Structures are given as structure tokens and as C-alpha cells.
Amino acid sequence: MEQGFSGTVAKDRLKYLVLSDRVSCTGETLDMIKQDVVKVISDYIDIDKYNLSLTLEQEKTESRSFAYINIRIPVK
Amino acid sequence: MSEVIVVTSGKGGVGKTTTAANIGTGLAMEGKSVVMLDADIGLRNLDVVMGLENRIIYDLVQVIEGTCRLKQALVKDKRCEGLFLLPAAQTRDKTAVSPEQMKKLCESIKDEGFDYIIIDCPAGIEQGFKNAIAAADKAIVVTTPEISAVRDADRIIGMLQANGINDARLILNRIRVDMVARNEMMSLEDVEEILAIDTLGIIPDEESIVISTNKGEPVVCDEDSTAGQAYRNIVKRILGEDIPLIKLMPPVRTTLFQRLFGWLRGEKE
């Protein structure tokens, strides 16, 4: 169960929804990207695929906000 | 020079028609000549909210098809001078009209010298939406502080921009200040942060809106209603005045003594 006040919960859920709408990218797509990334990198480096994080995030500038994919890959 | 403003939202049931009715009426109360155009073909409601449902003779589709002249179809409002309704057709569907035809229709209304055309857009993002925004110079995006409504508003804003309508302003409808204060409802700041467009106004969730809609009288006419005041402020902002957002106060629990004291001083509950 999600914690905290429902107003904050709503805002967090909404942020993610709007972001994935804007880039037409669902959680499922992100998972597929994640699996592919693991495959590609594992060919070269031994990575800790269980602690890999791949998230859709957004950054705001004065004029507009833009989305980016944040990947963190721990190397073994 | 007339201005065409579309009232839109994406999601249904957030208060588009009520907003269109109040803005149209409010502009007429400020002395402007206004046509309120119901673009929700097949599901017309603006006439009902305005209390004009018994005066409709012709509709928008008949004007476009040339069955009648524009002036024959315009329904004069019963309260405000200079306020007219162009009803949608009830027995047709959204494909009866094309965006090009809507543009032409709005041009012919402009030629009659009206100051404002307020278009009530249907819910959704299909043909009806495309028709409604075709002739618009500006947009008012109505949303409520709910995830689904704000999400849809975000898509609508994107689609408006893709269609060259960059002047889109937000109305946050049905705010419950007591819930916002408890952080059990998103605030205007939360919604603004996500949608990143300018705010035109906020409307409290109030009984007076339901009551006035029941009667077919826009709440903007109600001097005692906070929601009415909020709409009057919105109208002034549309006219270019710089009015601060209405201060919404959570209902304060008062004791019987305080209420009695207030009543003796002539205050309203």
C-alpha cells in the first residue's frame, strides 16, 4: 500500500503518467529496454543486473521540461 | 475584431459546458457581444445549462448545410443583452461537420461583428475535438484536481500546441480547499507544476453551481456565490484585467454563539 497523504500520492502517480504519455513510453517498454541494455553491456562487462536501475525522469528548465532515461548499471 | 475561444478538457464531466456558459454569460454581463457555440454534436447540453432548451429552432448543422441562415439559428439569451447560443444538433453525429466547415461558420459569425465566440468542445480527442478547435484563436483547458482529468488535460495541451494554439490557459475546477489543506487533494500549484501553462482561474466545488445549473441560470449571475465571483474574475482576466486569484477559505467550524453573533451583525452564513 502506498504511504502518505493521498494528495502527494496522486501527484507522484500523475507525474509518472504524464511523463510516459508525453514520450509514449509505458513501464512495459522500459522493462524491455532494460533487458536489452543488460544483454548488450553483459557482452563486454560483468554487471550486477539485479541492481540495475532504468527510469524515465524529467528535468525542468526555465522555458520547458524534457524527459530523459536515467540508467545506473553497477559493475561487478 | 472578434476572438474565438474554445473551452476544452479531454476528459468528460469536468465542467466544460458549465465553464463555457459562465464565461459566455460573464462576458455579456461586461457588455460584450457573444456567441456561445455548442460543438458537442449529438450530445448537446449548453442549451440546458443556459436554460434555453425550449427556444431552439435550428441548429449548427442546419446552418452549415444551408437549411437556415445563421441569424435564424442564433438563440437569444433571456437574461443578457448581446448573448446568443448556437445550439449543436442533437440527432446528428460529429462526422456531420468538418473542421473546414467550422472555420467557415466562425468566419460568418465574426462577420456579424460579435466580440467573442465561445466554443464548448466535446469530450475526447477525435473528430468533435478537431472540429471544435479548428477555428479557435485561444483555448481554455478545464480540469479538476484528479489524476485522470489532469492527465487528459496534458494530452489536450499537447494537441492544441500541435494545432498551433499556443495560448491555452488553465481553469482548475471543483477545488475543495479543506481537502487541499489536509493534502488529500492536489493543489493548484501541483497541477500547475505538471501542466506548465498559465492559470486563468480556480473554481471552488460549491453547491451553488449545482443549484444554478438545476435552474438553468449560470452561477456567474449569482452575486452571493464564491464560484460566481471566481467566474466573474475569470471574465475580467479574459478582458485583460490583472485580478489576483480568488482566496478560497476552508469552511470554519463555528459555535452556535459565534453564528448568532454574526447573524446579529448582519453577516451571511
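Only a predicted model underlies this, so the values are computations on that prediction, with no experimental measurement involved. To find a chain, count down the sequence lines: A is the first, B the second, and so on, and within it residues start at 1. For the numbers below, each heavy atom of this structure counts, side chains included, while hydrogens, waters and symmetry mates do not.
Counting non-hydrogen atoms of other residues, nucleotides and ligands closer than 6.0 Å to NZ of A/Lys49 gives a total of 12 or fewer. Taking a 6.0 Å sphere around CG of A/Asp43, one finds it holds more than 12 heavy atoms contributed by other residues, nucleotides or ligands.
If you take NZ on A/Lys15 and CD1 on B/Ile147, they are separated by 12.5 Å, rounding to the nearest 0.5 Å. In this structure, CE on B/Met185 lies 8.5 Å from OG on A/Ser6, to the nearest 0.5 angstrom. If you take CE on B/Met186 and CZ on A/Arg13, they are separated by 9.5 Å, rounding to the nearest 0.5 Å. Taking CG of A/Leu14 as the reference point, atom CG of B/Asp154 lies at 8.0 Å (rounded to 0.5 Å).
Among all heavy-atom pairs drawn from B/Arg151 and A/Val18, the shortest one is CA-CG2, 4.2 Å.
Side-chain atoms of A/Phe5 and B/Glu184, non-hydrogen and from C-beta on, do get closer than 4.5 Å to each other.
Of the two parts of B/Glu193, the backbone and the side chain both hold a non-hydrogen atom closer than 4.5 Å to a non-hydrogen atom of chain A.
Under a 4.0 Å N-O distance rule, the pair A/Asp21/B/Arg155 does not qualify as a salt bridge.
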